[in-house]
Peer 1: 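Once you've had a glance at the structure underneath, I'll fire off some questions.
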Amino acid sequence: ALIEIISPILPAALVIGQTVAVQRLRKKGVHCVDVPRVMLAGKIQIFCFDKTGTLTKEGLDFYGLVQTEYGRDSNLENMLNLGNPSTVKELTDTLADNVKDFGALTELALGTCHSVTELDGKLIGNPVDVEMFTNTHRTIKLNESDSSKAIVSPPQDVKSNANFITDHAEVVKQFEFIHHRQSMSVVVRYPNSANSHLLHVFAKGSFEKILEKCNPGSIPANYHSIAEFYAKQGCYVLAIAHKVIDETQTAKKAVNTMLDTDENGDSGEWNRDEIECDLNLVCLILFKNLLKEDTGAAIDEIKKSNTRVVMITGDATLTGINIARKSGMINYGRRVILGDVSESEAQNRPNESPNDIQNTDTVAWTDVDTEQSVDIHELEQSGSEPYDLALTSRAFNRLHSAGKLDKSILMNTRVFGRMTPKDKVDCIKLHMKYGITAMCGDGGNDCGALRVAHVGLAMSNSEASIVSPFSTAKKSVFSCVELLSQGRGALATSFANYKFLMLYGQTMAMFKLFSMYFSSTISQSVWITIDGFITVGMSLSISLSKPVEKLANIRPTARLFGPTTMLSTVGQVVINWIFMVVCFIILYRQPWYRCHELDASTIDFKQWWLLGDNYEAMTMGIIIMFQFVNSGFIYNFGYKFRRFWFRNYVLVIIYLAFISLLTVIVLLPPNALGCIYRMNCGDKDVLQELGYKPPKPYIEPYNIPQGNNVYPTKFRWFMWIFCFVNMIVGILWEVLVVIGPIGAYFSKRHGKKNYYQ
């Protein structure tokens, strides 16, 4: 009995929606390696994005340089001054965008401080480094005697600047870029030059990190204002610094040991931190990181779907704010407040561990546009105007470690900048406390965040795609929209199947009670039709419903016993019970009706299906088959997450086929189809006496005194109309009450509070 009340295909029906969604995603170029995550995708409340390569184009365009006097005027042939530059002038906003305008030291820095190599005549490496190196007009090749060292040729047009050295430069040591250091460095010498004893150390990285490595005396007074000016314009801003090591004035052993250090700089003499210290600022390097053409439209659709969008980037926070505004993450004209650790505090404690930070007073809040200080607590309490927050990694770690990064700050922060891979993981985990969180990124520095998020989408075929549940080679944010659409559609489909099969159980329970009361049952053909065709066919057709093309501003329910689910199923059960009871009351009052009287002594229970040879069993069978078919049709309604029912062609065909079959059984005089179901049929001789033409197929003798269960013509029409009214009332309940104003009221009252948009 339990199997009949709880359908055996219920487990399969609950997951078939996500399986269909995975197949559809694959056709759209989105691959899934963790199928159950599709359901989580249907409930995403917060969508976090990396910036470079995700929201913006993967490649960067070289925009120009802002050089210091040190980088512009140094003559490398005479560079024996190992101290600070003699004079430090303020930076100007004049851009040098051609190699002819580069100083000798600047040109050497750009030509050597990178990870670019050549393979089969093609430059390979970090796209930023390739773009930078290309603009120096240099060429590069590996040293034939030592493949670990690169030989960089001078610029092709060396006459453009008298300071350029015509000899080849040799990169004798390279320290790769490490995310948590936010920098890389190289050691360069001119082996054939008169100054071959000079080793040039160049360090390149974020302008904030390079500042920490430089001599204060080499930093122009307006360094921050110029760097931040270009960051606000959406530029990707890097800085390069330099120092010289004279082998004639430095212990030879220390120099040789330095050149043999590993990537982390560990050695018995010098380490990487010692190599990358006491530097002199050379220049700021600017790249334009353009927004993808379709990013704005995709972000707008995601926001309209009641999903919070957040940027978590390793780039400068100000650059992230610029991209957030251009993409529509931050609404036009909305106030943006930047949280950062005060510069004096950061310089006094450059190597502090986040675990040692407990003081949050040094987190300064500044209006990005007016540059005025803001009291964040006063602004929050006043509620006078909408605003978004942006946090640097230093401020993020300061607040997080002190336990001050509560919901009021986190859920108002739109941009997180200069985030290391570990910071991204921590940020995702914090968001996961307040809702289903997704992460979309394209690089290796996003792997941790992609793996830890509820839903991760890697826009890459590299290592990021291995750890992420979802991946796509398409570099479009609309892949995120497609993931949301398919996830919501799959979740709505699974719950539609769940409600259909729950109603199956309740309808079957009602039938069992009636059949026990009347000591009758339905025929074999009715059982086979219900369990083998109606249940499976309607479940399959429900699963084939396609998701909507435009996201709704609400998410589908995920509560098995939530108010919407219960309102739908309980309502249908009550309606079906009422119609079943009313139908039997009307049946009892018919003058031709003869009550079924069970005589156990005359029954061969091996032929149990003959217990259905009566009006009660036929009436139950007709009503429950109409109810079963209609239940599958009803739960395909809804246009918020799945397309309109009439666009599910399989459903329409199956539904009409079953309705046509039942119409033939109910309305037509005794016929072969009705006799197969032992409905509106009887013994052949009895049918002849009643004036009906007996069907040709063999009819097993009826197990009732009157020998038939044929309805009179008027009552057949009444039963057909009565069943259709039952179906219409069920449809109206679903359309007007469940997904109508009453259902909306319950969802609003019992749903969670909306997240900040």
Side-chain angles (χ1 to χ4, degrees), residues 71 74 76 79 82 104-119 123-126 128-130 132-133 136 138-154 165 167-193 195-206 209-210 212-215 238-282 285:
S74 296
L76 297 183
M79 185 172 289
L82 305 183
L105 186 60
T106 299
E107 191 280 328
L108 177 61
L110 268 64
T112 58
C113 193
H114 52 72
S115 60
V116 177
T117 58
E118 186 183 77
L119 181 64
L123 297 177
I124 59 173
N126 185 293
V128 176
D129 288 346
V130 172
M132 179 185 73
F133 181 76
T136 66
R138 286 177 174 259
T139 57
I140 188 172
K141 64 179 182 179
L142 294 179
N143 191 325
E144 295 180 358
S145 60
D146 186 353
S147 60
S148 65
K149 299 177 181 179
I151 302 297
V152 182
S153 68
I165 297 178
D167 292 329
H168 291 76
E170 182 183 46
V171 180
V172 295
K173 184 63 182 177
Q174 180 183 105
F175 295 103
E176 295 287 350
F177 176 83
I178 300 177
H179 290 292
H180 75 268
R181 298 181 69 94
Q182 297 181 17
S183 65
M184 69 161 295
S185 60
V186 294
V187 181
V188 181
R189 67 151 50 104
Y190 280 98
N192 301 323
S193 168
N195 291 326
S196 60
H197 61 284
L198 297 181
L199 296 175
H200 298 276
V201 177
F202 292 100
K204 173 168 63 73
S206 68
K209 183 59 67 173
I210 295 300
E212 298 174 4
K213 300 176 182 292
C214 286
N215 292 311
L238 298 176
I240 290 186
H242 166 266
K243 75 175 179 181
V244 176
I245 298 175
D246 189 349
E247 287 186 290
T248 63
Q249 301 179 22
T250 306
K252 191 75 174 178
K253 179 181 178 182
V255 173
N256 292 334
T257 305
M258 174 191 71
L259 300 182
D260 293 333
T261 54
D262 61 20
E263 291 301 325
N264 293 318
D266 297 327
S267 72
E269 298 290 339
W270 290 359
N271 59 41
R272 182 171 177 175
D273 289 330
E274 292 174 333
I275 295 170
E276 297 179 359
C277 69
D278 298 325
L279 303 171
N280 301 316
L281 183 67
V282 175
I285 316 173

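Scope of the values below: all heavy atoms of this structure, side chains included, with no hydrogens, waters or symmetry mates.
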Peer 1: Evaluate the side-chain proximity of Leu238 to Val128: yes if any heavy-atom separation is below 4.5 Å, no if none is.
Peer 2: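 SC-SC contact between Val128 and Leu238 confirmed.
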Peer 1: Ignoring hydrogens, what is the shortest heavy-atom contact between Val188 and Val172? Give both atom names and the distance.
Peer 2: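 So the two residues come closest at N-CG2, 4.4 Å.
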Peer 1: Side chain of Asp278, backbone of Asn215: donor and acceptor closer than 3.5 Å?
Peer 2: no
Peer 1: Of all the heavy-atom pairs spanning Cys214 and Leu281, show the shortest one and how long it is.
Peer 2: SG-N, 4.0 Å
Peer 1: Which heavy-atom pair separates Arg138 from Glu107 by the least distance, and what is that distance?
Peer 2: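 For Arg138 versus Glu107, the nearest heavy atoms are NE-OE2, 2.5 Å.
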Peer 1: Is there a side-chain contact between Phe202 and Val171, using heavy atoms and a 4.5 Å cut-off?
Peer 2: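 Contact flag for Phe202/Val171 side chains = no.
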Peer 1: Establish, yes or no, whether the cationic atom of Lys173 lies under 6.0 Å from the six-membered ring centre of Phe175 and within 45° of the ring axis.
Peer 2: yes
Peer 1: When rounded to the nearest 0.5 angstrom, what is the spacing between CD in Glu118 and OG1 in Thr139?
Peer 2: 7.5 Å
Peer 1: So Val187 and His200, side chain to side chain contact (heavy atoms under 4.5 Å, CB included) or not? Walk me through it.
Peer 2: CA-CA 6 Å; Val187 181; His200 298 276; over 6 Å; no
Peer 1: Take Ile240 and Ile210, measure what side chain to side chain contact (heavy atoms under 4.5 Å, CB included) needs, and give me the verdict at the end.
Peer 2: CA-CA 7 Å; Ile240 290 186; Ile210 295 300; over 6 Å; no
Peer 1: Hey, are Lys243 and Glu276 close enough for a salt bridge, meaning a charged N less than 4.0 Å from a carboxylate O?
Peer 2: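 Salt bridge: no.
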Peer 1: Output, in order, the C-alpha distance, side-chain angles, deciding distance and verdict of side chain to side chain contact (heavy atoms under 4.5 Å, CB included) for Glu176 and Met184.
Peer 2: CA-CA 5 Å; Glu176 295 287 350; Met184 69 161 295; 5.6 Å; no
Peer 1: To the nearest 0.5 Å, what is the distance between NZ (Lys209) and NZ (Lys204)?
Peer 2: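 Lys209 atom NZ to Lys204 atom NZ measures 15.5 Å (nearest 0.5 Å).
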Peer 1: Rounded to the nearest 0.5 Å, what separates atom CG in Leu123 from atom CD1 in Ile140?
Peer 2: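 Rounded to the nearest 0.5 Å, the CG-CD1 separation comes to 8.0 Å.
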Peer 1: Is the closest basic N to carboxylate O distance between Lys213 and Asp273 below 4.0 Å?
Peer 2: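 Salt bridge: no.
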Peer 1: Look up atom CG in Leu110 and atom OG1 in Thr136, then write down how far apart they are to the nearest 0.5 Å.
Peer 2: 7.0 Å
Peer 1: Measure the spacing between SG of Cys113 and CG of Leu108 and express it to the nearest 0.5 Å.
Peer 2: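 The SG atom of Cys113 sits 9.5 Å away from the CG atom of Leu108.
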Peer 1: Could you give the distance from CZ (Arg272) to OG (Ser183), rounded to the nearest 0.5 Å?
Peer 2: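 It is 5.5 Å, given to the nearest 0.5 Å.
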Peer 1: Within the distance-only criterion (no hydrogens, no angle test), does the side chain of Asp129 pair as donor or acceptor with the backbone N or O of Val116 below 3.5 angstrom?
Peer 2: no
Peer 1: Checking side chain to side chain contact (heavy atoms under 4.5 Å, CB included) for the pair Val201/Val186: CA distance, chi angles, key distance, verdict?
Peer 2: CA-CA 6 Å; Val201 177; Val186 294; over 6 Å; no
